[in-house]
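What you see is a predicted model, and the numbers here were worked out from it, not measured in a lab.
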Amino acid sequence: MVAALLPDIWFFAAATAVTYVADWYLHQRGSYLVNRLSKVRAGLPIRFLLRQLMVILLLARLDLAEEPLFYAAVACFLVFYGLQAPHGALTTLIRLRRSLPIVTRNVDLHAVRIPDAPPRALLHRAGEKMLHLDLPAVAGVLIAAGTGEDYLGYIGAGVTLLLAVGYNALLVPYLRRSRRAPSASAVLKALDTWLGEYQPTVVLYFSGSNESAYQGNMWLDTMAAVEGRPLIVMRERNLVSQLADTSVPVVCVPAGTHLMNMDLSTVRVCLYPANVGKNIHMLRVPTMKHVFIGHGDSDKLASVNPYSKVYDEVWTAGRAGRDRYALADVGIRDEDIVEVGRPQLAPIESWTGTTRNPIPTVLYAPTWEGWDDNPGNTSLLLAGENIVRRLLTADDPVRVIYKPHPFTGIRSAKAKAVNARIKALVAKSAQERAADPRWVKEASAAAAGQSAAKAELVRIEARLAELAKPGRAGGDESEESRVALADPARQTEISSLRAEWNDAYWRSFGWWEHKTVTGAQPKLYDCFNQSDAMVSDISSVVSDFIASGKPYAVTDSAELGRDEFKRQNTAVRAAVILSNGAQEIDELLVAVADPSADSLAEARHELKTYLLGPDEPTSMEQFNAAVQALAARAEARNAGVAQRVGEQIAAPLPDPEAESSGVGDGAQEIVAEVDPDGPSPDADAGIGAGPSAIR
């Protein structure tokens, strides 16, 4: 605006270029600022419109308001904005008509025809692309105003309008019936047909926020190994893309009405990894038994949530989970708790008593800040930097792996800032160690192997990307539902490649190099296996790490005191207890370096059994036994209800007085007419309503 008012055309051109680049950059980064601008009525269309208005203002200040170029620019921008409406309508209609009521993986929907999706280039960020088509017009008008060659402005305006019309024209064919997805009723009917053929018996029901995909992912391998016919039911479309690769059929049903109308009559056990509101849509089904399995075993309050009363059973890893509910006294009956171990812990390697590498590796894996400001939620805020500094500056060299919780910083700006500072600490120390003469020789000797490992990572990642999404590149979720069928050979190759990737990842840098690990890969358990000890907080991470038998430390962030901290938190009874200053970290390092000085080894072994259950039978065997036992209970319940309903419908009404007055015949006649698959014929009289309601 300042450049237009001066007027200075070249200053204006530079400022315009900056605004284009800034807008593009913010959208590429998915910046929070973009969303905030829309909230204050400065969204993307308004920003483009203001830029074009400034072009008109510039022309007026250049005394070109009476020139044909001025009118051509005004007409171009008006027509261009007129073309935005049909473009928006077309893209919206195409998306709506391409949307299925469900999203599936490994489910055969051959009963309905799902056409190929439009090219991704047409619909991905379509509004942003359409608005950027004003570039030729803006550039042409500015060049024309600066040089006096008006025809350049006319050419630019013509190119903009031609591109806008062409973009709309490219979208029109995708409105044809042959390009549309099948109707919701047809898709749901096809799903019910598939369910009737597959006849699932065990369901993992998962719902949650965008950051909670890990809660479902941790159960995928268990579901793949469960006895019976497993099915994963999800509720949020955005979580499907975050679901790790699995051979188990997946059905995402966003609408509660569609879920409640699904044919799940063969399901006998439903497993819930999280306590969320949408669980009610499945909990209402009486023909299956409902089990809370959680997404970790810890002393957090979430592990004894009173909501758990809604389930038929609560499954815990070991005796500690049972005792936890008894102490909390939240209404969970002891007979409803079943100890099944932790099947997910199978990949965790047991400690051999010696360090994996010439120097020990210590994993710092703090949990996140939680939904409130309780200082005991995480060590990150008060102790995190102290812990990392003491590890990095230990008398004997230590390698540090820092793996923050995926939720870190989503609620607390302070936690986000501390996380960033710790990452910077680790990175700086890694750079200093790389320049330290003690490690230069090691780095030189390992350089060739690391280069080979990095090249191997590139190859593996490229192949995994090819296998990640079957079908054409750029297909939408409807097309992916059509083509995402289980392929045993593909699943085997993916599993093999992931194992190769993990091995190559750890070989791609030195065993002495500090590292920050974020994202889904490598997994937390892979970090366990690379570490000789761990520092963490009160969370399921500690319980899981105990499976390794390695030394660990937990921070008393709330400063309860060692004895009270151990009394309140079972998982820390065999831990080195750290204060917020982390002065006690040397005790952990001594236990790692010298097993004979490890005074807590026996306590860790006993605690492992108490928290996670016995080693034999295996957790997977215990889990399957629990599934089968509960399925048998569901079958017995369903058979009993069917028998009682049948007896009520068949039994005559024993009323002699009614018979003598003629009422009994009528009543018997009404009962005889009750349709067991339909509503009562006389709900007002209450005759037949009982069996119908029970059913």
Chemist: Could you grab the distance from atom CZ of R507 to atom CG of L457, nearest 0.5 Å is fine?
Modeler: 8.0 Å
Chemist: Quick check for you: to the nearest 0.5 Å, what is the distance between N580 atom CG and Q583 atom CD?
Modeler: 9.0 Å
Chemist: Between N210 and Q242, is there a side-chain donor-acceptor contact under 3.5 Å, judged purely by atom types and distance?
Modeler: yes
Chemist: Nearest 0.5 Å, what's the CZ-NZ distance between F545 and K550?
Modeler: 5.5 Å
Chemist: One pair to check against salt bridge (Lys or Arg N to Asp or Glu O under 4.0 Å): E466 and R463. What are the steps and the verdict?
Modeler: CA-CA 5 Å; E466 292 177 13; R463 180 55 181 159; 2.7 Å; yes
Chemist: For the atom pair SG (C252) and CD (E477), what is the distance rounded to the nearest 0.5 Å?
Modeler: 7.5 Å
Chemist: Can you tell me how far apart OG (S478) and CG (L100) are? Round to the nearest 0.5 Å.
Modeler: 3.5 Å
Chemist: Centres of the F292 and Y272 rings: under 6.0 Å?
Modeler: no
Chemist: May I ask you to decide whether R562 forms a salt bridge with E584, counting only side-chain N to carboxylate O separations under 4.0 Å?
Modeler: no
Chemist: Distance alone, cut at 3.5 Å: any donor-acceptor contact between the side chains of Q491 and D245?
Modeler: yes
Chemist: Side chains of S579 and E559: donor-acceptor distance under 3.5 Å anywhere?
Modeler: no
Chemist: What's the spacing between N217 CG and F206 CZ if we round to 0.5 Å?
Modeler: 7.5 Å
Chemist: Between S241 and N238, is there a donor-acceptor pair closer than 3.5 Å when you use the side chain of the first and the backbone of the second?
Modeler: yes
Chemist: Under the 3.5 angstrom rule, does the side chain of R237 hit a backbone N or O of P254 as a donor-acceptor pair?
Modeler: no
Chemist: Can a salt bridge be assigned to the pair E564 and R567 using a cut-off of 4.0 Å between side-chain N and carboxylate O?
Modeler: yes
Chemist: Looking only at non-hydrogen atoms, find the nearest pair between A626 and V338 and report the distance.
Modeler: CB-CG1, 4.2 Å
Chemist: Taking the six-membered ring for Trp, are the ring centroids of F407 and Y214 within less than 6.0 Å of each other?
Modeler: yes
Chemist: So, Y505 and D526: side-chain donor and acceptor under 3.5 Å apart, yes or no?
Modeler: no
Chemist: How about H514 and Y364: are their ring centroids closer than 6.0 Å?
Modeler: no
Chemist: So, the side chain of S539 versus the backbone of V541: is there a donor-acceptor pair under 3.5 Å, distance only?
Modeler: yes
Chemist: Using atom types as modelled and distance alone, determine if a side-chain donor or acceptor of E369 lies under 3.5 Å from a backbone N or O of N377.
Modeler: no
Chemist: Between R356 (side chain) and D532 (backbone), is there a donor-acceptor pair under 3.5 Å?
Modeler: no
Chemist: Ignoring hydrogens and geometry beyond distance, is a side-chain donor-acceptor pair present between Y325 and T316 at under 3.5 Å?
Modeler: no
Chemist: Between R399 (side chain) and S531 (backbone), is there a donor-acceptor pair under 3.5 Å?
Modeler: no
Chemist: Checking the side chain of D537 only, and the main-chain atoms of P366 only, is there a donor and an acceptor separated by less than 3.5 Å?
Modeler: no
Chemist: Between E480 and R105, does a salt bridge (Lys or Arg N to Asp or Glu O under 4.0 Å) hold up when you go through it step by step?
Modeler: CA-CA 8 Å; E480 289 174 9; R105 297 288 180 272; 3.1 Å; yes
